[in-house]
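Hydrogens, waters and symmetry mates play no part in the numbers below; they use all other heavy atoms, side chains included.
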Amino acid sequence: MKIINNAIVVTAAAATMCIPCAADISSRHDNQSYNSEYSSFCAVPLDSEYDNSRVYYEKIQMEKAWDVEQGGDWVKVGVIDSGINYRHEDLGGRVDYELSKDFTGGNSPCTDNYGNYGHGTQVAGVIGAIGNNNSGTSGVCWSGVTLISYKVSLVGTASQVTQAINEAKASGVKLLNISMDVTVTDELKNAVKSYPGLIVCAAGNDSRNIDSSNLLSSLNYSNILVVGATESVNDNIASFSNYGATSVDLFAPGVEIYTTYSTGGYGANSGTSFSAPLVTGTVALLMSRYSYKSIAQLKATIMDNVDKVSGLSGKCVSGGRLNAYSAIMNLAHVHTMSYVKRDAIMHDYKCSDCGYVASSGMHVLLDDRGGYKICKFCKYMTQIGFKPGGDFSRIGGGMQSVDEEELCEHCEEQNIVPDTAFLDGLKDSLVA
């Protein structure tokens, strides 16, 4: 630990010695989830049917991404679809019943009528099925996410989808998944243009080029991310998937995606409908970890960090398939020093490139399963044995310092610079 301009700067060595964290109990990373039954931390969730998802999760390096982030319920994802069975054992507590709406008979509160086919429940499970509960499967945001059901007719009438997008805007929901074909109208175009969040849209399953189609997935708008489907064991375009050099942004696995069924239980299904929520879930992970990032930054990060695939060249804008780990690592690059506020409770921040730990803000403590407290941002958890809420008296203190930076040697050698947007945000919040 050292002092810069009367501020406490926590170096990697000091953080290891004086800050109680999950690393004291586990040799794994301190941002991994704690399983009270097994008294262990693990990034790969413990679920009885997880192996049914492993092949495509490994393809997109999702398990490595989970070493960094597994999701949080402060991120809200709207699912514009046939409805969600919020009573499913792996979705229980994840669906916000109060915010959910049914547009099939006007703008009315959500009902239990989620449709016999259950398409929306399957999509929701890919995004946020509860993980690490030793039951069923795991969604991308298996540790936490808030799902909002915007029920529309399965054919996706433009008027209902327009209402749903406007409702999301009014409710402050910044991420939407639309896994259905929707023919655009001027009203729908206006709703999309005015929506301040990101819409992840399935490319469709007609095995055709949609660059000149009159579909929502064909709109080349800055706040739409269109996803085609590849096979899950390789990167060949799935035989059913639509494509387009200017309309489809990237591809993701879409064959035999294992998820929740509306009638209870689980099963596998194929289609771009299930490629899209893999991307939606990944965006939600980014939003969980880096809430200060803009919609444009989120979309660019997904696009810029795909795995390039020769067979996808000319078939989509990015020429590649989703890589969740590359996206979450390359959005971070917060490798910095200390911004300290008097009487503040500080939290560790780990360099996304080399693991260096620096002090960079305050813990925001949330209740975690098992009765412990966990930081919203860095996943710091109270040391096992501490009372809920923990004893954080050894963290923080000192005077404000908003001008100093300290890069780890590795980052200096690699010429990796701090994330200035993040630092500017910290300055504003700490000086206030």
Side-chain angles (χ1 to χ4, degrees), residues 75-84 95-96 98-111 114-115 119-120 123-124 127 146-204 210-228 242 244 246-250 272-273 275-277 279-281 283-284 287 293-300 302-303 317:
V75 175
K76 298 175 181 177
V77 180
V79 180
I80 300 179
D81 215 291
S82 64
I84 302 173
V95 181
D96 189 318
E98 298 300 324
L99 288 180
S100 296
K101 298 288 185 179
D102 183 352
F103 297 100
T104 60
N107 185 346
S108 61
C110 179
T111 69
Y114 41 80
H119 188 268
V123 168
I127 298 170
T146 295
L147 299 168
I148 298 158
S149 176
Y150 295 128
K151 179 177 169 58
V152 299
S153 300
L154 193 59
V155 292
T157 61
S159 61
Q160 293 176 14
V161 173
T162 299
Q163 292 179 70
I165 294 173
N166 288 334
E167 177 67 27
K169 177 183 176 181
S171 299
V173 178
K174 296 295 181 67
L175 180 58
L176 294 173
N177 187 98
I178 303 179
S179 286
M180 57 180 63
D181 289 338
V182 186
T183 300
V184 295
T185 62
D186 289 341
E187 185 182 30
L188 178 55
K189 288 180 180 179
N190 290 333
V192 173
K193 288 178 181 178
S194 66
Y195 177 61
L198 184 64
I199 300 173
V200 180
C201 189
I210 59 171
D211 282 346
S212 300
S213 299
N214 189 33
L215 295 172
L216 177 62
S217 54
S218 300
L219 295 179
N220 190 18
Y221 289 177
S222 61
N223 62 342
I224 294 181
L225 196 55
V226 180
V227 188
N242 289 344
T246 61
S247 57
V248 176
D249 291 302
L250 76 161
T272 59
S273 286
S275 305
V279 174
T280 301
V283 175
M287 295 173 76
K293 294 294 187 178
S294 69
I295 295 302
Q297 287 175 311
L298 293 171
K299 178 177 178 178
I302 293 291
M303 297 275 288
V317 177

Report yes or no: does Gln297 contribute a side-chain atom to a donor-acceptor pair with the main-chain N or O of Ser294 at less than 3.5 Å? yes
Only counting residues at least two apart or in another chain, list the ones meeting side chain to side chain donor-acceptor pair (under 3.5 Å) with Thr146. none
Hey, could you give me the CG/OG1 distance between Asp181 and Thr272, rounded to the nearest 0.5 Å? 7.5 Å
CG (Asp249) and CE (Met303) are apart, to the nearest 0.5 Å, by 4.0 Å
Within-4.5 Å side-chain heavy-atom neighbours: Val77 and Val283: no
Point-to-point distance, once rounded to the nearest 0.5 Å, from CG of Asn242 to CG of Leu215: 7.5 Å
Can a donor-acceptor pair be found, under 3.5 Å and without considering hydrogens, that links the side chain of Ser217 to the backbone of Cys201? no
Residue list, side-chain contact (heavy atoms from CB on, under 4.5 Å) with Ser212, at least two apart or on another chain: none
In Å and rounded to the nearest 0.5 Å, what is the CD1 to NZ distance from Ile165 to Lys193? 13.0 Å
Given side-chain hydrogen bond (donor to acceptor under 3.5 Å, both in side chains), test Asp211 with Thr246 step by step and report yes or no. CA-CA 6 Å; Asp211 282 346; Thr246 61; 3.2 Å; yes
What distance separates Gln163 CD from Asp102 CG, expressed to the nearest 0.5 Å? 10.5 Å
Asp81: partners by side chain to side chain donor-acceptor pair (under 3.5 Å), with sequence neighbours left out: His119
Side-chain contact, heavy-atom cut-off 4.5 Å: Thr104 with Ser153? yes
Lys174: partners by side-chain contact (heavy atoms from CB on, under 4.5 Å), with sequence neighbours left out: Pro196, Met287
Using a 3.5 Å distance criterion without hydrogens, assess whether the side chain of Ser273 forms a donor-acceptor pair with backbone atoms of Ser179. yes
Tell me every residue that passes side chain to side chain donor-acceptor pair (under 3.5 Å) with Asn166, counting only those two or more places apart in sequence or in another chain. none
From Leu176 CG over to Asn223 CG, what is the distance, rounded to the nearest 0.5 angstrom? 9.5 Å
At their closest point, which heavy atom of Ile84 faces which heavy atom of Ser149, and how far apart are they? N-OG, 3.5 Å
Check side chain to side chain donor-acceptor pair (under 3.5 Å) between Thr280 and all other residues, then give those that pass, not counting sequence neighbours. Asn177
Between Val200 and Ala276, the two heavy atoms sitting closest are CG1-O, 3.5 Å
Side-chain contact, heavy-atom cut-off 4.5 Å: Ile199 with Tyr221? no
Identify every side-chain donor-acceptor pair in residues 184-192 under 3.5 Å, counting partners at least two apart or on other chains, and give the distances.
| unit_1 | atom_1 | unit_2 | atom_2 | d |
| --- | --- | --- | --- | --- |
| Thr185 | OG1 | Leu188 | N | 3.1 |
| Asn190 | ND2 | Asp186 | O | 3.2 |

Does the pair Ile148 and Val79 meet the rule for a side chain to side chain contact (heavy atoms under 4.5 Å, CB included), with working shown? CA-CA 6 Å; Ile148 298 158; Val79 180; over 6 Å; no
Using only atom types and a distance under 3.5 Å, with no angle test, would you say the side chain of Lys151 pairs donor to acceptor with the backbone of Ser82? yes
Where the side chain of Thr162 meets the backbone of Ala158, is there a donor-acceptor pair that is under 3.5 Å apart? yes
For Tyr150 and Glu167 the tightest heavy-atom approach is CE2-CG, 3.7 Å
Kindly give the heavy-atom pair with the smallest separation between Val248 and Ala203, and that separation in Å. CG2-CB, 3.9 Å
Val226 vs Ser247, side chain to side chain contact (heavy atoms under 4.5 Å, CB included): CA-CA, chis, key distance, verdict: CA-CA 7 Å; Val226 180; Ser247 57; 5.8 Å; no
Between Ala168 and Tyr195, the two heavy atoms sitting closest are CB-CE1, 4.0 Å
With side-chain contact (heavy atoms from CB on, under 4.5 Å) as the test, pick out the partner of Leu198 among Ile295, Val279, Ile224. Ile295
